[in-house]
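Let me begin by presenting the structure, written as structure tokens, before commenting on it.
It should be emphasised that the depicted structure is a prediction, and the values quoted were computed from it without experimental measurement.
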Protein chains: 2
Amino acid sequence: MFFGEYPYKVDEKGRVPLPPKFRRQMKEGVILAKGMGEKCIAVYPAAEWTRLSDSLAAKAVTQANLRKLNRAIFGSAFSTSFDGQGRITLPYSLRDYAGIGDTAIVVGANKCVELWSEDEWKAEKTSAEEQASQIIESFGV
Amino acid sequence: MFFGEYPYKVDEKGRVPLPPKFRRQMKEGVILAKGMGEKCIAVYPAAEWTRLSDSLAAKAVTQANLRKLNRAIFGSAFSTSFDGQGRITLPYSLRDYAGIGDTAIVVGANKCVELWSEDEWKAEKTSAEEQASQIIESFGV
DNA sequence: AGAATTGTGGGGAAAAGTGGGGAAATAGGG
DNA sequence: CCCTATTTCCCCACTTTTCCCCACAATTCT
């Protein structure tokens, strides 16, 4: 389980630390992928990634469908691991996609971790909070 | 079950004690989150938190919905536990959100505990009392 | 009144955040 | 094919923050 929201510096080499609590749940390495739909980088623990990709592949009904899925999901994915300081290096393509400059917001999102630029995160956060309170109100939890 | 209203000092390091009666119900650690809707910090016992987050996640209808919800719920949450003196440390972001300076009002709210700044609590309390009496009137209790 | 528990404060050790240097690997050009 | 230039990766170093422990004052309970 990942939670919390942490701002981190991205150095000139494109390295970002993840919070120690996250690292401990990702000792087996991580997969970086484009956030599905959102302008962010998704970071999956290796085990969760295989679980996810398997379940996706199983749902593709046609061959063309499956190929498209493979390109979209696996085409942008990178496997990596932590250096001695607990950092991962972000490929330029992903950093560019998420618009991340010298600061990244690391967000725990239950099963995975997301990396956002400051601006995109600010926007996403407000909209997410609005939606959350709507859901909570309507279901009266 | 949590009752009562206790004022406590927040020291320079952002530490707040909780009443001993509360601690004893939170030995497994706690999750800090933004109060939903109100400007306060919500403190959930670990077990109650998982119960709550599971029930919320189950209500998302679409995948995009679920991701947004996960961000809103998990993004603002922090897991922590008590030090030897029965205190928890509040992350700066949450303290700032709730406007808590050097004093926090600890309020028992049945399933969870809430932390308020003096000012916000005063306002919330009067409005809650007014509304409560209105509600009671309207139901003719 | 005495003892134990609780509120409050602070100090020191350990860990985490940040930056940079050098060796190995890769790629490109002669 | 070899040499050189560039990039990537791993390690080292420093600064800051966090965490854990200790100490004292005040309150409560017996």
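Nearest to the side chain of B:Arg15, among C:dA16, D:dC20, C:dG7, sits D:dC20. Checking C:dT8, C:dG10, C:dT6 against every side-chain atom of B:Glu12, the shortest atom distance belongs to C:dG10. The side chain of B:Pro20 sits closest to C:dT6 out of C:dT6, C:dG10, D:dC11. Distance from the side chain of B:Asp11 is smallest to C:dG9 among C:dA16, C:dG20, C:dG9. Looking at the side chain of A:Pro17, the nearest of the listed nucleotides D:dC21, C:dG20, C:dG17 is C:dG17. Taking only side-chain atoms of A:Tyr8, from C-beta outward, the nucleotide of D:dC22, D:dC11, C:dG17 with the closest atom is C:dG17.
Listed pair B:Arg23 / C:dG7 meets the phosphate criterion, a side-chain N or O lying under 4.0 Å from OP1 or OP2. Residue B:Arg87 places none of its side-chain N or O atoms closer than 4.0 Å to OP1 or OP2 of D:dC21.
Put simply, OH on B:Tyr92 is 17 Å from C1' on D:dT18, counting in whole angstrom units. In this structure, NZ of B:Lys9 is placed 16 Å from C1' of C:dT6, rounded to the nearest angstrom. Summarising the geometry, the separation between CZ on B:Phe22 and P on C:dT6 is reported as 14 Å, rounded to the nearest angstrom. B:Ile88 has its CD1 atom 16 Å from the C1' atom of C:dT8, to the nearest Å. Separating the CZ atom of A:Phe82 from the C1' atom of C:dA16 is a distance of 14 Å, rounded to the nearest angstrom. The OH atom of B:Tyr6 sits 13 Å away from the P atom of D:dT28 (whole-angstrom rounding). Between the P atom of C:dG9 and the NZ atom of B:Lys13 lies a distance of 11 Å, rounded to the nearest Å. In this structure, CG of A:Asp102 is placed 14 Å from C1' of C:dG19, rounded to the nearest angstrom.
A donor and an acceptor atom never sit less than 3.5 Å apart when one is taken from the side chain of B:Gln85 and the other from the base of D:dC20.
Annotation: the span from B:Phe74 atom CZ to B:Ser79 atom OG amounts to 12.0 Å, rounded to 0.5 Å.
Taking the six-membered ring where tryptophan is involved, the planes of B:Trp121 and B:Trp116 are tilted, since the angle between them lies from 30° to 60°.
The hydrophobic cluster containing B:Phe78 also contains B:Val10, counting ILVMFWY residues as joined when their side-chain heavy atoms lie under 4.5 angstrom apart, directly or transitively.
Under 3.5 Å, the side chains of B:Lys68 and A:Ser127 contain a donor-acceptor pair of N or O atoms.
Remark on DNA chain C: of its neighbouring residues B:Asp83 and B:Lys21, the 5'-side contact belongs to B:Lys21, judged by nearest-heavy-atom nucleotide.
The aromatic ring centroids of B:Tyr44 and B:Phe2 lie 6.0 Å or more from each other.
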